[in-house]
Structures are given as C-alpha cells and as structure tokens.
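None of these values were measured; they are calculated from a predicted model.
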Amino acid sequence: MIGSAARDTWLLFRHNLAVTLQQKIGIVIGAIQPLLFLVLFGPLFATIGTWETLVPGLIIQLGLMSTGMAGFGVVFERRFGVLERLRVTPASRLALLLGRVLNNVVTLIVQTVLLVAVGYAFGLRAPAAGLLAGLALVVVLGAGLASLSYAVALTIDENLFAPVMSTVVVPLVLLSGSFLPMSMAPVWLDVLSRLSPFRYVLEALRDLFAGRYVTGTVGLGVAVTAALAVAGVTIGTRVFGRENA
C-alpha cells in the first residue's frame, strides 16, 4: 500500500514538474516581486539593518506568494473536468495531493535559491550551514502552504479564490515582519503579529542566516513550521478525498 502510494506520488510529481518546466518563465515571474523588493528596497534597508534580516523576510514573502497561491492550478483543473476524471483512477488521495505539492516545493526551492543568489550579489553573507538549514525549513513550510492552498481552492467558489487569497496573503506578509522586525512595531501590532505562525518561521530563518542554530527561536520556528505542514497536508488530503470521492 505504501509502495503503491509512493509510486503514484512520484508519477504525478514527474507529470506536474514536466508541465512546470514547459513554462520556465513562470518560475522567474513568480519570484519577481520579492526580487524587486530586494533590488529596490534592499539598499535602503541596509542602511538601518542587515541583508541577513531582509532576505529571510523576502523568502517568507516568496513562500506565501508562490506556494500560497498554488491552488490556482487546481481551480482550472476543476473547471475543465480534470478532477472529475481523477475519480476513476486508483491513485490514493494523498498521492493526488503530494504529486502537486512536491512540484510546488521544487519551484519554491528554485525561486529561493535565485533570491539568495541575488542577495549574495548585494551583500548577504549568511553561513552555508544556515542557508541549508533555512532551505530545509522553507521546504517544509512550502509543503504546508501548498496543501492549504489546494484545500481552499477546492472549498470556496472558484471565482473567489484569487481575491480571497490575495487579500489574505498581504496582511500575513506584513504581520510576519518580513520588511521590518516586529519588535520595532507598536505594542498592539506586535501582539497581533504573534498570532501569525509566519512570524516564528521568519525569526527562526533570521537566526539561521545569522549563524545561530541552537536557540529557542529556531526550536519554536521549527515546531511551528512542522505543525503547519502536518495540518496543511492533513486538511488538503481530506478535502481532496471529499472532492474525488
């Protein structure tokens, strides 16, 4: 059973990745906004902060915009009857979800590496171990976000997905402290930001990029990211199962 699910996931992942690679420009376009912030806002930010503070924030922005909007794909699949045809396949509901999610995670990794590379050109000097650990955290975060995005896309009216997600993503980016640490914010805004899981993920990333690996901040960020991923995959699988039952 496990072997069959793994095989189905791999086959679906390869198919989705092949489709993504046919539109390589889409990978770059998906990272355009964080790259523009890096290029246009970064030099200004560097006068009051560090690149090791800004780049992790832009990675969180990228994750929310890239994997957080992954549900767009399934919106069109539902519209054109692709999900309906999946009902007759023997693939498990978990495989149907993970085949898509893994493709989204690979795209996010490529976009993150591109963002970090440009950051290095401007002055980022994060240690290699911190970068690798941060990338691992991004992978787990991306899996959870993509799964939740698919669940939302299959739950609400297809015409509402884009405006709803766009409305949600922007406050989440700002409340995470992507552009300025929330410790600099008014007390009420700082308290509000603590309700967002992305603040803890971002603070963990900033510690890792600063070369601090064994800290309470990193531990909390890892725990929150793992919980978000488990919740996302669980909810996404249940919604896929209900949609394709």
Are [Y] and [X] connected into the same hydrophobic cluster when the rule is that any two of I, L, V, M, F, W, Y join if their side-chain heavy atoms are below 4.5 Å apart?
X	Y	answer
Val140	Leu145	no
Leu17	Ile25	no
Ile109	Val19	no
Val101	Trp10	no
Leu131	Leu141	yes

Please report the shortest heavy-atom distance between [X] and [Y], naming the atom on each side.
X	Y	answer
Leu137	Gly221	CD1-O, 4.4 Å
Ile60	Ser176	CG2-OG, 4.0 Å
Gly71	Ser149	N-OG, 2.8 Å
Ala143	Ser147	O-OG, 2.8 Å
Pro127	Tyr120	N-OH, 4.5 Å
Gly68	Met165	O-CE, 3.0 Å

Can [X] and [Y] be counted as having a side-chain donor-acceptor contact under 3.5 angstrom?
X	Y	answer
Ser178	Gln61	no
Thr215	Thr217	no
Ser196	Ser193	no

For Tyr200 and Arg194, indicate whether the former's side chain and the latter's backbone hold a donor-acceptor pair under 3.5 Å.
yes

Do Thr53 side-chain atoms and Gly49 backbone N/O form a donor-acceptor pair below 3.5 Å?
no

Evaluation steps, side chain to side chain contact (heavy atoms under 4.5 Å, CB included), between Leu98 and Phe13:
CA-CA 8 Å; Leu98 291 184; Phe13 163 64; over 6 Å; no

Can you list, by chain and residue number, the hydrophobic cluster partners of Trp188 when the side-chain cut-off is 4.5 Å?
Leu175, Met182, Leu189, Leu192, Leu195

Is it true that atom CZ of Arg14 has more than 12 heavy atoms of other residues, nucleotides or ligands lying nearer than 6.0 Å?
no

With rounding to the nearest 0.5 Å, note down the distance linking [atom1] in [X] to [atom2] in [Y].
X	Y	atom1	atom2	result
Phe209	Leu205	CZ	CG	6.0 Å
Thr234	Leu97	OG1	CG	10.0 Å
Leu36	Leu58	CG	CG	10.5 Å
Leu44	Phe37	CG	CZ	12.0 Å
Leu108	Ile27	CG	CD1	11.0 Å
Asn159	Ile156	CG	CD1	9.5 Å

Check salt bridge (charged side-chain N to carboxylate O under 4.0 Å, His left out) between [X] and all other residues, then give those that pass, not counting sequence neighbours.
X	value
Arg212	Asp207
Arg206	none
Glu52	none

Verify side chain to side chain contact (heavy atoms under 4.5 Å, CB included) between Leu228 and Leu148, making sure each step is shown before the conclusion.
CA-CA 9 Å; Leu228 181 63; Leu148 286 173; 3.9 Å; yes

How are the rings of Phe161 and Phe72 set relative to one another: parallel (under 30°), tilted (30 to 60°) or perpendicular (over 60°)?
perpendicular

Over 60° means perpendicular and under 30° means parallel, so classify the ring planes of Trp51 and Phe122, tilted if in between.
tilted

Counting C-beta onward and ignoring hydrogens, is there a side-chain heavy-atom pair between [X] and [Y] closer than 4.5 Å?
X	Y	result
Val239	Tyr150	no
Val169	Met65	yes
Met69	Ser166	yes
Ile59	Val116	yes

By the side-chain hydrogen bond (donor to acceptor under 3.5 Å, both in side chains) test, which pairs, at least two apart or in different chains, include something from residues 15-40?
Thr20-Asn103

Does anything in residues 139-167 form a salt bridge (Lys or Arg N to Asp or Glu O under 4.0 Å)? List the pairs, not counting sequence neighbours.
Arg79-Glu158

Give the C-alpha distance, both sets of side-chain angles, the deciding distance and a yes or no for side chain to side chain contact (heavy atoms under 4.5 Å, CB included) between Leu102 and Val106.
CA-CA 6 Å; Leu102 290 177; Val106 169; 5.6 Å; no

Taking the six-membered ring for Trp, are Phe45 and Phe179 closer than 6.0 Å centroid to centroid?
no

Could you walk me through whether Tyr213 and Val218 satisfy the side chain to side chain contact (heavy atoms under 4.5 Å, CB included) test, starting with their C-alpha distance in whole Å, then the side-chain angles of each, then the deciding distance to 0.1 Å, before giving a yes or no?
CA-CA 7 Å; Tyr213 309 121; Val218 171; 5.9 Å; no

